[in-house]
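Just so you know, ligand 1 is whichever comes first in the structure, and atom 1 is the first atom listed for that ligand. Residues take their numbers from the sequence shown, with the count starting at 1. All values below come from the heavy atoms of this structure, side chains included, with hydrogens, waters and symmetry mates left out.
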Amino acid sequence: MATELLKAAYSPDGFKKNGQLILQTLVTRLQDNLQGETERVIGYQPPEKSYAFWKEMLESQEDNDWLPKLLEQTTQVHHPRYMGHQISPTAPITALTSLVSAFLNNGMGVYEMGMAPTAMEKVVVEWLCQKIGYDDTSGGFLTSGGTLANLTALLSARRRVAAANVWEEGTQNRLAIMVSEEAHYCVDRAARVMGLGTEGIIKIPVDGNYRMDTRRLQSAYDKAVEAGLEVFAIVGSAPTTATGIYDDLLAISEFAKKAGIWFHVDAAHGGPACFAPAYRHLVLGIEKADSIVIDGHKMMMMPAVTTALLFKDGGDSHRTFSQKATYLLEEQEGEDWYNLAKRTFECTKYMMSLHWFVLIQQYGDALFSEFVTTLYDAGRNFAKILEEEPDFEIAITPMSNIVCFRYTGCVAANLNQLNRQIRHKLLEEGTYYVVQTSLKEGYFLRATLMNPFTTQGDLRRLLVRIREIAGELS
Ligand SMILES: *Cc1c(COP(=O)(O)O)cnc(C)c1O
């Protein structure tokens, strides 16, 4: 029997009251953020202070006004002065599709527990494959984040290419993958999870522009084979996370073909360049990849996390996890696309296809084209602004919306230390949010222009503020 407390927790009236309040608060927040009226992009709190605050709120049980306080102490991705990590300012409609998914809570593991979203997933995956330039033998699915998707792709590669059936027999040979030294750390992590160890991760050095140096591929491969390794895959980055530089996918694909190994593209951030005519050339050759990862929550305006894992040969997406779970998955002849848990790491997964489907349906492909074009253009423009300033330098000419730069105006100063201090001061002030990265030349500030409402004025004022901070520090 439902108790009074349970009835209260499920009250439709309560849902409505809370819902209206939350929605009104978020609408106001969106308005204020887009117009830059919220003063702080980030209400930075040291971890211990934040912990104490929320612990006290839970224990006191009096003040239950959590939302305004949450907003004060979070990072506002819709703010034009947000230029931090690579996460989308969510298109508001996808915050609502999140709500619908959360409410319906269809687990998506088997068809009956998510019929519509499973079918929608097939529709959007096919749409994406077509945009990439794959033919209709391709396929794929949505999964929980680029990290998991990269691991899944490498498992598929091993299944297809490695001589032994590692899934059944365990590791037989010393397996290895090849990847740029600048690739996202999750590729390294995936390889270690798969038992490849340090020697099984062949890191290819980058050239002066932070691109995988493809002239070194053959010799690195030969050396590995001589050492007794069985190389089964190579990973290209489109682009790398730290610098936003795209690897030469065409050159890597040619090498992979010659070597007879799997070609995987980690396009978590920059796959959507395929929508933008002005930037499509960056992913030239991507359609030759055996598998591709694209995050919806980076350059496609969706809430975290939702990631497409696409396969040139759709059959590969069915063979990665051949495993029996008879209570869940009825044995079927052939490949049933509609029982997703057979193909994904997850058993239960949220109805992420809703975001993709509704965005495409409401706004069409043009939305993605305009988002990518606006932001990649902004990256170039910011680099131009920086080049005009004698007391700033950029690490490399950006190929995307990721710009690495630093203040160089104090000749006597230790630039690493100075820029680190500048970044900390910016974080404390919270008026701008930029992050940092360590490159060969040292410590750099890193801006990812994720918000199409960021203006050149915002960027110029950021530089003014940095200069002032440098003055205060010295
Ligand atoms: C962000 C990113 C990842 C990790 O993806 P998550 O969705 O955060 O798990 C992997 N590779 C690249 C190139 C990325 O930019």
Side-chain angles (χ1 to χ4, degrees), residues 75 77 83-90 94 98 128 132 140-155 157 177-194 201 203-204 206 210-212 233-249 252 263-274 279 282-283 286 289 291-310 344-346 349-350 352 355-356 371-372 375-376 379 398-404 435-437 439 446-450:
T75 310
V77 294
M83 311 161 195
H85 292 287
Q86 306 146 267
I87 195 133
S88 286
T90 32
T94 62
S98 282
L128 205 48
I132 285 294
F141 46 77
L142 301 177
T143 189
S144 302
T147 298
L148 195 66
N150 279 319
L151 173 59
T152 309
L154 289 175
L155 288 169
I177 61 164
M178 299 170 77
V179 62
S180 152
E181 60 176 337
E182 283 288 320
H184 192 275
Y185 75 88
C186 73
V187 175
D188 182 281
R189 185 177 284 182
R192 289 174 196 279
V193 168
M194 292 168 74
I201 308 163
K203 296 238 160 116
I204 308 298
V206 292
Y210 288 88
R211 261 188 146 187
M212 181 196 271
I234 183 164
V235 180
S237 304
T240 58
T241 305
T243 58
I245 295 298
Y246 283 77
D247 285 337
D248 182 345
L249 302 182
I252 301 172
F263 174 33
H264 173 64
V265 177
D266 179 2
H269 180 84
C274 71
Y279 292 102
L282 295 172
V283 290
I286 196 170
S291 54
I292 304 168
V293 161
I294 300 177
D295 275 347
H297 52 281
K298 297 241 176 94
M299 291 300 289
M300 295 184 78
M301 290 165 277
M302 293 173 216
V305 289
T306 177
T307 300
L309 175 53
L310 310 175
T344 60
F345 227 109
E346 300 99 321
K349 126 181 139 181
Y350 83 93
M352 47 183 74
H355 308 317
W356 301 73
F371 189 75
V372 171
L375 295 173
Y376 279 28
M399 286 173 93
S400 63
N401 53 337
I402 299 174
V403 184
C404 300
V435 294
Q436 77 281 311
T437 191
L439 300 178
R446 177 172 167 275
T448 312
L449 301 173
M450 290 305 295

Checking the side chain of Ser180 only, and the main-chain atoms of Met212 only, is there a donor and an acceptor separated by less than 3.5 Å? no

Does Arg189, at its CZ atom, have more than 12 non-hydrogen atoms belonging to other residues, nucleotides or ligands within less than 6.0 Å? no

Please report which non-hydrogen protein atom sits nearest to atom 11 (N) of ligand 1, along with the residue it belongs to and the distance in Å to one decimal place. Asp266 OD2, 2.6 Å

Near Cys186 (heavy-atom distance under 4.0 Å), the atoms of ligand 1 are 10 (C)

Under a 3.5 Å cutoff, is there a donor and acceptor pairing between the side chains of Ser88 and His297? no

Is there a nitrogen or oxygen of Thr240 sitting under 3.5 Å from a nitrogen or oxygen of ligand 1? no

Taking 4.0 angstrom as the limit and counting only heavy atoms of Gly145, give me the atoms of ligand 1 inside it, by number and element. 7 (O), 9 (O)

Output yes when the distance from some N or O of ligand 1 to some N or O of Gly146 is under 3.5 Å, and no in every other case. yes

So, Asn401 side chain and Gly379 main chain: donor-acceptor pair closer than 3.5 Å or not? no

Can you tell me how far the CE atom of Met194 sits from the CG atom of Leu151, to the nearest 0.5 Å? 6.5 Å

Side chain to side chain donor-acceptor pair (under 3.5 Å) assessment of Thr448 paired with Gln86: CA-CA 6 Å; Thr448 312; Gln86 306 146 267; 5.5 Å; no

Applying a 4.0 Å heavy-atom criterion (strictly less than), which segment of Asp295 is in contact with ligand 1: side chain, backbone, both, or neither? side chain

Is the backbone N or O of Thr90 less than 3.5 Å from a side-chain atom of Thr94, with the two atoms forming a donor-acceptor pair by type? no

Got an N/O contact under 3.5 Å between His297 and ligand 1? yes

Check each atom of ligand 1 against the heavy atoms of Gln86 and keep those under 4.0 Å away; list them by number with element. 15 (O)

So the atoms of ligand 1 within less than 4.0 Å of a heavy atom of Pro239 turn out to be 13 (C)

Indicate, as side chain, backbone, both or neither, the part of Ser237 found under 4.0 angstrom from ligand 1 when only non-hydrogen atoms are considered. neither

Counting heavy atoms only, name the option from Glu182, His184, Lys298 that's nearest to atom 15 (O) of ligand 1. Lys298

His355-Tyr350 aromatic ring centre distance below 6.0 Å: yes

Near Thr241, which atoms of ligand 1 are under 4.0 Å from a heavy atom of that residue? 12 (C), 13 (C), 14 (C), 15 (O)

Return yes if a side-chain donor-acceptor contact under 3.5 Å exists between His184 and Asn150, otherwise no. no

Atom 9 (O) of ligand 1 - nearest protein heavy atom and its distance: Thr147 OG1, 2.7 Å

